[in-house]
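Shown next, in structure tokens, is the structure this report addresses.
Quick note on labels: first sequence line is chain A, next is B, and so on, each numbered from 1.
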Amino acid sequence: MTDPQLVLTERVQQALGTAFGPEYAGADPLIRPSQFADFQANVALSLAKRLRRAPREVAQAIADALDAAGTTDVFESVEISGPGFLNITLKDEWISAQAERTLEDPRVGVGLTTPPQTVLVDYSAPNAAKEMHVGHLRTTIVGDSLVRILEHLGNRLIRQNHLGDWGTPFGMLIEHLLDIGEGNAIARLEAGEGSEYYQEARVKFDSDNAFKERSRRRVATLQAEDPETIRLWHLFMNATISYFNKIYSTLGVTLTDDDIAGESMYNRMLAETCADLEASGIATVSEGALCVFPPGFTGSDDKPLPLIIRKSDGGYGYATTDLAAIRYRVRDLKVDRILYVVGAEQALHFQMVFAAARMAGWLTDEVSAEHTQIGMMLGSDGRRFRTRSGVATKLSDLLDEAVERASAAIAERGYDEATRAEIAHTVGMGAVKYADLSVSHDSEYIFDYDRMLAFSGNTGPYMQYATARIRSIFRKGEIDPSAATGPIILGEPAERDLALQLLGFGSVVEHAGASSEPHRVCAYLYETASTFTTFYEKCHVLHDDVPPETRASRLALCALTLNVLQTGLNLLGVPTPTRM
RNA sequence: GCGCCCUUAGCUCAGCCGGAUAGAGCAUCGGACUUCUAAUCCGACGGUCGCAGGUUCGAAUCCUGCAGGGCGCGCCA
């Protein structure tokens, strides 16, 4: 165990047992980072009442017990301060020893979840039958990061891309495909003109009654799985998926075709899902529609709020699909945890779906279903991210612009064309992705190229720059980072700060996975990069006047920093250039 | 009417498993390149944490109420 917080928790708990009896050994010692020492333990204050003793007295008893236990291998000092805080300073030798251990650890201090869970992450889910907009970018990126984090923690991950690939609009989309010709339609969809395509079909649907009628008939033949209609549907979907895949590939998202589990997949389960709910009396017919009324959900006038699972025309909506999906995921895929990485505006829907699934017994207490709410992406004016015409910005255009801007920023660096393009791509994508990840996922988020591409502050490029500088040291010194093994000697405060900071990686990743919050990883990495740059400015590594043992120690610190940053950025899905 | 999210420095955001003097970045002002990438670093300035109660030794953090903003709420998904 190298994580200081965990080690301190264990040691202080032992001391609590010694000082006050075994019933106190399980109390949370409330170890927190401190501005007055390396860490502080706040447990004396919280236990004072229960023990009926003065807080400082309690703190003294804990300190004495720590002394008696002979913990001088870890602690430099334990001081009582203020109303009863225990200020804990770690020994330099202990920190450097842990840092050396972490340097040898291929997992860089990140533990494995025991027992591992089967976690299903439902994310990205672009809708082929609607305008695709930049909002999908965020669910994709946050979801992919959560997958990477949870997988790295040793869990079994099931990625599911719940594509919007079924339903009423597909009648009109298929008819439009016939109108403009198969080849033409495919070419345009693959080129990412899905939004325009949808708009054209929509306009015809609204203005041309004959087209409207054809579209309606087409929906019916699609539902009936008529072979020719299914063929056309496949043509449409394959072309659309091909475009999605281009975006995924550009972004470096880990989703593949194998992860597609779209709405169409559940089509054949819908009737049975409804029948089950109706038979068990959970669903009832109201105003012609089959509904579930989960308790506790009311609309205006305290009227129960319905979850409509079969429309009055006999068709099914997304509530039915989501119920069928949750049943399938729990019963057949045997998941322990499901994360729905979906827009925050769907909060009420998911609450009701989860409630209905619990009523049906499909969702049990052993399974955690969580809606990871994704806040809306806003333009720089603080309003919905739209172009003037109201049409959503094309994703590829948005990404291209980020790359162009990154390219412009490195224009004077003297790289050849190919290298420059490669760096620009890495920096551009890193900037966009990091910006999506660095703020809490449920808050609204203002998309701003200048801010995300800035080379200072909590941005992708700043993180990337830190790794590039470290690599540059190794390149210049003609040393392989894996050959830098120390020993680590902590002299300067900047060296000590860095080493201590690096030991906290594991618990941050663990916490981020448990709470589904990648931004915690970002915050930690930013602190780490920032601590490193301070070290970088103050402590020369390759300079002639640096003694060999100091140089070896600093190289080891650089290597460990690189490991942490590189591993952390991988967990975020943010790529790193070797130079920039 | 109900539900979710939000309100912290001029701006963009952290912190919210209660703990000491509320943190970053940007902006503003002032410093640091014969030195491993100055795309950087150091410093200064800047906040009655929306308001009012409550719980507590202690509240930005927990509870209640109120105000303001965003989003959603019966047959689109």
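- Not one N or O on the side chain of A/His371 forms a donor-acceptor pair closer than 3.5 Å with the backbone of A/Gln351.
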Per-residue pairing states of RNA chain B in dot-bracket (Watson-Crick or G-U under 3.5 Å; . unpaired, | other strand) read (((((((..((((.....[...)))).(((((.......))))).....(((((..]....))))))))))))....
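- A distance of 6.0 Å or more separates the ring centres of A/Tyr462 and A/Tyr465.
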Heavy-atom contacts, protein to nucleotides 5-20 of chain B, under 4.0 Å, summarised as B (base), S (sugar-phosphate only) or - (none) per nt, yield SS-----SSSS--SBB
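- Counting heavy atoms from C-beta on, the side chains of A/Glu79 and A/Phe36 never come closer than 4.5 Å.
- Within the nucleic acid shown, A/Gln351 comes within 4.0 Å of sugar-phosphate atoms alone, with no base atom in reach, counting heavy atoms only.
- As judged by a 4.0 angstrom heavy-atom cut-off over every strand, A/Thr533 is placed among residues touching the sugar-phosphate backbone only.
- Among the heavy atoms of the strands, none lies under 4.0 Å from A/Cys558.
- Closest approach to the A/Asn127 side chain among B/C4, B/A77, B/U56 is made by B/A77 (side chain taken as heavy atoms from C-beta onward).
- Both geometric conditions, a ring-centre gap below 5.5 Å and a plane tilt below 30°, are fulfilled for A/Tyr318 over the base of B/A77.
- Nucleic acid contact class of A/Ala319 (heavy atoms, under 4.0 Å, all strands): none.
- Distance from the side chain of A/Leu305 is smallest to B/C73 among B/G74, B/C73, B/G25.
- The interatomic distance linking A/Arg202 (CZ) with B/A77 (P) rounds to 12 Å, in whole Å.
- Dashed line: the shortest gap from a side-chain N or O of A/Ser456 to OP1 or OP2 of B/G25 is not under 4.0 Å.
- The local environment of CD in A/Glu549 is crowded, with over 12 non-hydrogen atoms from other residues, nucleotides or ligands closer than 6.0 Å.
- Counting heavy atoms from C-beta on, the side chains of A/Arg310 and A/Glu278 come closer than 4.5 Å.
- Phosphate contact (OP1/OP2 of B/A77, side-chain N/O of A/Lys311, threshold under 4.0 Å): present.
- Looking at A/Asp497 and A/Thr531, their side chains never bring a donor and an acceptor atom within 3.5 Å of each other.
- Position along RNA chain B of the nearest nucleotide to A/Asn458 versus A/Ala406 favours A/Asn458 as the more 5'-ward residue.
- Rounding to the nearest 0.5 Å places CG of A/Asp448 at 9.5 Å from CG of A/Leu453.
- Checked by atom type, the side-chain pair A/Ser438/A/Asn458 shows no donor-acceptor distance below 3.5 Å.
- With its glycosidic angle more than 90° from 0, B/C63 adopts the anti conformation.
- Protein atom OH of A/Tyr526 is 6 Å distant from nucleotide atom C1' of B/A24, rounded to whole Å.
- Atom pair A/Arg579:CZ and B/U37:C1' shows a separation of 11 Å (rounding to whole Å applied).
- Donor-acceptor pairing under 3.5 Å, judged by distance alone, is absent between the side chain of A/His543 and the base of B/U35.
- Taking atom CG of A/Leu525 as the reference point, atom P of B/G25 lies 17 Å away to the nearest angstrom.
- Nearest to the side chain of A/Glu345, among B/A77, B/G25, B/G72, sits B/G72.
- Remark on RNA chain B: of its neighbouring residues A/Gly457 and A/Ala289, the 5'-side contact belongs to A/Gly457, judged by nearest-heavy-atom nucleotide.
- Separation of atoms CG (A/Asp122) and NE2 (A/His162) is listed at 6.0 Å; rounding is to 0.5 Å.
- A/Cys539 comes within 4.0 angstrom of a base, heavy atoms only.
- Residue A/Arg469 has a polar side-chain atom (N or O) positioned under 4.0 Å from OP1 or OP2 of B/A38.
- Within 4.0 Å (heavy atoms only), A/Lys538 reaches no atom of the nucleic acid at all.
- A/Tyr415 has its OH atom 11 Å from the P atom of B/A39, to the nearest Å.
- Nearest nucleotide to the side chain of A/Leu348, out of B/A39, B/G3, B/U37: B/G3.
- One atom, CD1 of A/Ile374, and another, P of B/C4, lie 18 Å apart when rounded to the nearest Å.
- Among the atoms of the strands shown, none is found under 4.0 Å from any heavy atom of A/Gly167.
- The phosphate of B/C41 has neither OP1 nor OP2 within less than 4.0 Å of any side-chain N or O from A/Thr534.
- Remark: P of B/A32 and OH of A/Tyr536 are 20 Å apart, rounded to the nearest angstrom.
- Atom pair A/Phe293:CZ and B/C73:C1' shows a separation of 14 Å (rounding to whole Å applied).
- Applying the 6.0 Å contact sphere to CZ of A/Arg475 captures more than 12 heavy atoms from other residues, nucleotides or ligands.
- Here the nucleotide nearest the side chain of A/Tyr462, chosen from B/U40, B/A39, B/C75, is B/U40.
- Applying the 6.0 Å contact sphere to CG of A/Asp545 captures more than 12 heavy atoms from other residues, nucleotides or ligands.
- Aromatic ring centroids of A/Tyr266 and A/Tyr316 lie 6.0 Å or more apart.
- Considering only side-chain N and O atoms, A/Lys303 lies nowhere under 4.0 angstrom from the phosphate OP1 or OP2 of B/G1.
- A donor-acceptor contact under 3.5 Å links the side chain of A/Arg413 to the base of B/U37.
- Comparing the P positions of B/A22 and B/G50 gives a spacing of 15 Å, expressed to the nearest Å.
- When the C1' atom is used for both B/U28 and B/C73, the distance is 46 Å, rounded to whole Å.
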